[in-house]
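What follows is a set of notes on a single structure, which appears directly below.
Only heavy atoms go into these numbers, but all of them, side chains included; no hydrogens, no water, no symmetry mates.
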Amino acid sequence: MESTASSADRIFRFGQFELLEREGELCKNGVRIKLQEQPFRVLVELLASAGRVVTREQLQQKLWPADTFVDFDVGLNTAIRKLRQALGDDADRPRFIETSAKRGYKFLAPVSIATNPPVFVSEKVAPTEPLDSRVSVQPETAGSEYPPGSERRGRFYLLVAFAVIALTVGVLWRVRWSVKHPVVEKRITANPAEAPIVKAIISPDGKYVAYVDPTGFYLRQIDSGEIRPLPQPKNFNAFPNSWFSDSTHLLVTSFNGKEKPSLWKASILGGTPQMLAFDAFGGVVSPDGSQIAFFRYALEAGVGLEGDSKQSPPVRELWLMASNGENPHKVVWPADGSGAGYVGTEVSALSWAPKGHQLAFIEHHYTASAFSAGDLFTVKTRDLITGKSEMILSDQGIGSQALCWAPDGRLLYASLTDPKGERSDYGVWAIEVDQQTGKAKGSPERVSEGMGWIGGLSVTANGKQLVVWRGNTKYQVFVSEFDKGAHHLTVPRRLTMDQNANLPTAWMPDSKSVLFLSDRNGAWKLFRQEIDQQTAEVLVEAPHMETVLPSLSPDGSRILFADAPRVDDPLIPIRLMSMSLSGGMRRMVLEDRGINHFLCARTPSSVCVFSKEVGTAFSLTAFDTERGKGRELARLEGWHNWSISPNGSQLVIITDDNLGRLRLLSLDTGVTRDVIVKGWPLLTGIGWTADSASLLVGSWTPSRISVILEVDMEGNAQVLLEGDSRTQVFAWVIPSPDGRYAVLNSFTGENNIWMVDDF
């Protein structure tokens with residue numbers, strides 16, 4: 001007896017997606033997307049009724065039985081939210097799932113429905129039934145209407161048909177399983193947002209993971225899950241870089257306050273760490289344990305304001321030394337290959353080849369645009385004997401910090417799961433590399449996928465286990481209040497309450513609302529939110545708005561924002577646009593290449609300034625919101641953080657963020673003078689108090705805690721705000737026009753360790 005195909009055998013296809021109901025899988029371009037059971041079942045119901053509204057009552061009756069003790073509204077809303085995340089959909093501008101207010105949901109995209117091949121079931125052993133209506137096998141009977149020999153021909157045709165079907169099924173099975181699905185990552189730590197992990201590496205023998213979070217340095221035993229702290233000397237503040245081959249010693253970088261970083265050898269069994277190199281960081285031990293590759297900063301002479309000599313921002317140099325710290329020597333890199341339109345290049349990640357004479361590295365070719373927009377990342381190898389380099393691949397979606405050469409010859413790296421998608425989620429990819437020539441041998445293949453960025457990869461000596469350090473920390477907007485009596489900022493409270501990136505840009509003139517940039521709705525948009533409210537309104541949406549932070553005109557009546565037609569080509573001019581806060585037409589203020597930042601003073605001043613990259617130089621130019629571009633104010637080598645005083649009288653420029661050096665430029669006279677921030681050499685951001693009398697500067701304590709300083713014109717500093725952990729970073733602070741409040745940004749979110757077995 002033959003059974004008909006059930007509804008559970010359906011295959012739904014829409015856009016780049018395919019849903020296999022029987023297997024319980026949702027795939028995009030052949031890659032499986034992780035989706036929990038309830039959202040999956042909701043999606044099936046919506047697809048089966050594509051183009052029609054499926055009411056909430058229908059979904060409740062079918063998927064939430066009456067005896068299930070759950071909050072239906074919460075459950076359904078959660079399921080729809082997870083579906084939109086999986087499909088990359090936007091509730092405001094839906095492509096797939098549209099909300100019908102107070103009714104239910106409608107699936108918008110065209111859907112095709114197919115079925116898996118039907119299953120044939122026999123109640124008892126019987127002769128084979130026909131597989132094709134055109135081929136019939138009849139028993140041999142007297143008076144048959146078929147001519148002699150027709151039964152043999154029928155059996156022959158049946159065998160041919162069966163062979164074709166078997167061959168087709170075999171080909172389909174092979175095609176289906178030849179597409180490698182990403183393996184599953186399993187989380188092995190559960191640190192909360194208050195203690196995000198900032199570095200993690202697995203031991204060569206696969207027994208331990210060493211990691212650091214804001215509370216300390218820890219060793220986690222993989223089999224038992226036991227976690228124990230690794231004691232450190234006072235002010236040691238170590239971060240694990242690499243394991244030695246014995247799996248009992250670690251190579252760590254220590255940041256000891258005002259001193260330069262240093263590399264140490266530390267035992268997990270205890271004892272005093274041994275210093276291997278001063279003024280060194282980011283070391284990686286070779287597989288045989290004989291050598292260490294590491295970084296040092298080199299200061300190169302450049303040309304500063306008014307043509308004087310200065311020190312440009314530090315440049316990373318690659319060095320090698322013996323594993324005991326002896327014979328340190330610099331490795332000479334090939335000439336800078338960053339290409340036109342890029343400010344410069346630095347090596348951001350390193351990994352040794354299993355056989356030891358090749359190094360793999362990532363070159364970060366960066367622009368001066370915000371958030372690395374337009375930056376390019378290139379994976380290369382270099383033969384340490386011949387000095388020859390080979391390019392493996394180059395792309396804007398490659399992660400800058402994650403690189404690992406596995407024992408089987410595959411080079412593992414991180415890359416955006418969907419470069420054109422709305423989320424910045426990264427997967428682990430692998431490409432086979434010849435260890436003799438350093439050349440790629442095949443095409444990249446995805447190993448695993450997950451949510452968030454990837455800060456590091458490490459693999460065991462046998463290549464069976466891979467540790468992925470994943471981060472989901474994002475910039476969020478916080479508001480604090482100036483306590484003038486105690487001369488400090490109150491504990492910041494969070495203003496933005498979603499899990500996407502939110503970046504403060506300016507205050508409204510009334511000091512009651514904040515402007516911030518966010519990707520919460522997919523594309524970057526400019527929002528306005530009152531500081532005593534929980535919701536925000538969209539003000540402006542423009543292509544690639546994240547390339548340069550928006551700001552306000554001097555009188556606060558107009559929004560200034562950049563419109564970048566081609567973020568992937570820094571040579572294409574950027575248009576600086578203006579639009580009234582009350583809406584209306586947008587108009588162009590000016591157009592120039594390489595614009596990376598702009599700010600305006602406040603009324604009664606009308607001065608505005610923008611900075612741009614000119615080759616490897618950095619230029620500051622005045623402009624007017626009505627008349628456009630004015631005169632060039634200054635030109636420096638490298639890239640620099642800067643700010644304009646609210647009264648429009650001065651510019652401040654961080655000329656050396658590792659030596660605490662600032663430069664003040666009078667916009668009236670053009671006179672400059674240098675200021676050293678006393679006792680605080682590391683600078684992270686710069687701004688002004690509302691009265692233009694002093695500076696607001698970001699820095700670090702000796703134990704790597706982020707702080708906000710108030711600095712007077714002579715360089716005397718006072719701490720206004722100190723973070724509560726080593727990962728709470730205040731990148732910049734903006735005071736309200738009335739001087740009562742400050743808006744600032746800080747990272748929040750969870751960073752944890754994930755593991756992949758037999759990848």
Distance, nearest 0.5 Å, that separates CD of Gln529 from OG1 of Thr535:
6.5 Å

Donor-acceptor under 3.5 Å (Ser692 side chain, Ser645 main chain):
no

Would you mind checking if Lys28 and Asp418 are paired as a salt bridge, meaning a charged N to carboxylate O distance below 4.0 Å?
yes

Could you check whether any side-chain N or O of Ser400 sits under 3.5 Å from a backbone N or O of Ser348, counting only pairs where one atom can act as donor and the other as acceptor?
no

Pair Arg587 + Glu626, salt bridge at N-O below 4.0 Å:
yes

Sidechain-backbone polar pair: Gln476 side chain, Asn500 backbone, donor-acceptor under 3.5 Å
yes

One thing to verify: whether Arg593 and Glu613 come together as a salt bridge, which I'm taking to mean a side-chain N less than 4.0 angstrom from a carboxylate O.
no

What's the shortest heavy-atom distance between Ala690 and Gly739, and which atoms?
CB-CA, 3.7 Å

If you define the side chain from C-beta out and look only at heavy atoms, does anything of Leu526 sit under 4.5 Å from Thr505?
yes

Determine yes or no for a side-chain-to-main-chain donor-acceptor pair under 3.5 angstrom, with Asp89 supplying the side chain and Pro94 the backbone.
no

I'd like to check Leu651 versus Val609 (side-chain heavy atoms, cut-off strictly below 4.5 Å). Are they in contact?
yes

Side-chain donor/acceptor of Arg575 to backbone N/O of Met577, under 3.5 Å
no

Search all heavy atoms of Ala693 against all heavy atoms of Met713 and return the closest pair with its distance.
O-CE, 3.7 Å

Can you tell me if Arg558 and Ser578 form a side-chain donor-acceptor pair at under 3.5 Å?
yes

For Arg493, is the CZ atom crowded, meaning more than 12 foreign heavy atoms sit under 6.0 Å from it?
yes

Regarding Lys629 and Asp592, does a basic nitrogen lie under 4.0 Å from an acidic carboxylate oxygen?
yes

Stepwise, does the side-chain contact (heavy atoms from CB on, under 4.5 Å) test hold for Ile559 with Leu581?
CA-CA 6 Å; Ile559 302 168; Leu581 281 173; 3.3 Å; yes

Does Thr603 reach the main-chain N or O of Pro554 with its side chain, forming a donor-acceptor pair under 3.5 Å?
yes

Residue pair Cys608 / Thr625: nearest heavy atoms and the distance that separates them
SG-CG2, 4.0 Å

Does a side-chain heavy-atom distance below 4.5 Å link Thr748 with Tyr475?
no

Can a side-chain donor-acceptor contact be found between Asn596 and Ser611 if the only test is distance below 3.5 angstrom?
yes

Any side-chain to backbone donor/acceptor pair from Ser699 onto Leu682? Under 3.5 Å, distance only.
yes

Under 3.5 Å, is there a donor-acceptor pair between the Ser518 and Asn502 side chains?
yes

Take Arg631 and Leu633 through the side-chain contact (heavy atoms from CB on, under 4.5 Å) test and state the conclusion after the steps.
CA-CA 6 Å; Arg631 64 185 179 89; Leu633 301 172; 3.5 Å; yes

Per the ring-ring contact (aromatic ring centres under 6.0 Å, His included) rule, which among Tyr426, Trp453, Phe239 passes with Trp469?
Trp453

Nearest heavy atoms of Val711 and Ala717, plus distance in Å
CG2-CB, 4.0 Å

Counterpart residues, side chain to side chain contact (heavy atoms under 4.5 Å, CB included), relative to Asn641 (two or more places apart):
Trp639, Ile654, Ile686

Would you check if Pro509 and Pro737 make a side-chain contact, meaning some heavy-atom pair closer than 4.5 Å?
no

Out of curiosity, Ile653 CD1 to Ser643 OG, how far, rounded to the nearest 0.5 Å?
10.5 Å

Ile454 side chain near Val428 side chain, heavy-atom distance below 4.5 Å
yes

Of all the heavy-atom pairs spanning Leu683 and Asp656, show the shortest one and how long it is.
CD1-O, 4.5 Å

Which pairs pass ring pair (Phe, Tyr, Trp, His ring centres under 6.0 Å) with one or both residues in residues 485-520, sequence neighbours excluded?
Phe516-Phe527

Using ring-ring contact (aromatic ring centres under 6.0 Å, His included) as the criterion, point out the one residue from Trp732, Trp642, Phe610 that pairs with His597.
Trp642

Below 4.0 angstrom, N of the basic side chain to O of the carboxylate: do Arg528 and Glu537 qualify?
yes

Are the side chains of Ser606 and Asp624 in touch, meaning some heavy atoms are under 4.5 Å apart?
yes

Just checking, any donor-acceptor pair under 3.5 angstrom between side chains of Arg470 and Asn752?
no

Side-chain donor or acceptor of Glu710 paired with backbone N/O of Leu695 under 3.5 Å
no

Between Glu530 and Ser513, which heavy-atom pair has the shortest distance, and what is it?
CG-OG, 3.3 Å

Atom pair OH (Tyr105) and OG1 (Thr99), whose distance is rounded to the nearest 0.5 Å:
5.0 Å

Do you see a donor-acceptor pair shorter than 3.5 Å between the side chains of Asp213 and Thr215?
yes

Do Glu632 and Thr621 have side-chain atoms, one donor and one acceptor, less than 3.5 Å apart?
no

Run Phe478 and Asn745 through side-chain contact (heavy atoms from CB on, under 4.5 Å) and show every step you take.
CA-CA 6 Å; Phe478 289 77; Asn745 65 339; 6.0 Å; no

Does any N or O in the side chain of Thr473 come within less than 3.5 Å of the main-chain N or O of Gly749, such that one atom is a donor and the other an acceptor?
no

If you measure from CG on Asn647 to CZ on Arg602, what distance do you get to the nearest 0.5 Å?
9.0 Å

Is Val607 close to Ile644 at the side-chain level, that is, under 4.5 Å between some pair of heavy atoms?
yes

CA sep, side-chain torsions, deciding dist, call: Leu416, Asp425, side-chain contact (heavy atoms from CB on, under 4.5 Å):
CA-CA 6 Å; Leu416 281 170; Asp425 293 329; over 6 Å; no

Donor-acceptor pair, side chain of Thr701 and main chain of Ile705, under 3.5 angstrom
yes

Measuring only between side-chain heavy atoms, which start at C-beta, is Leu515 closer than 4.5 Å to Leu539?
yes

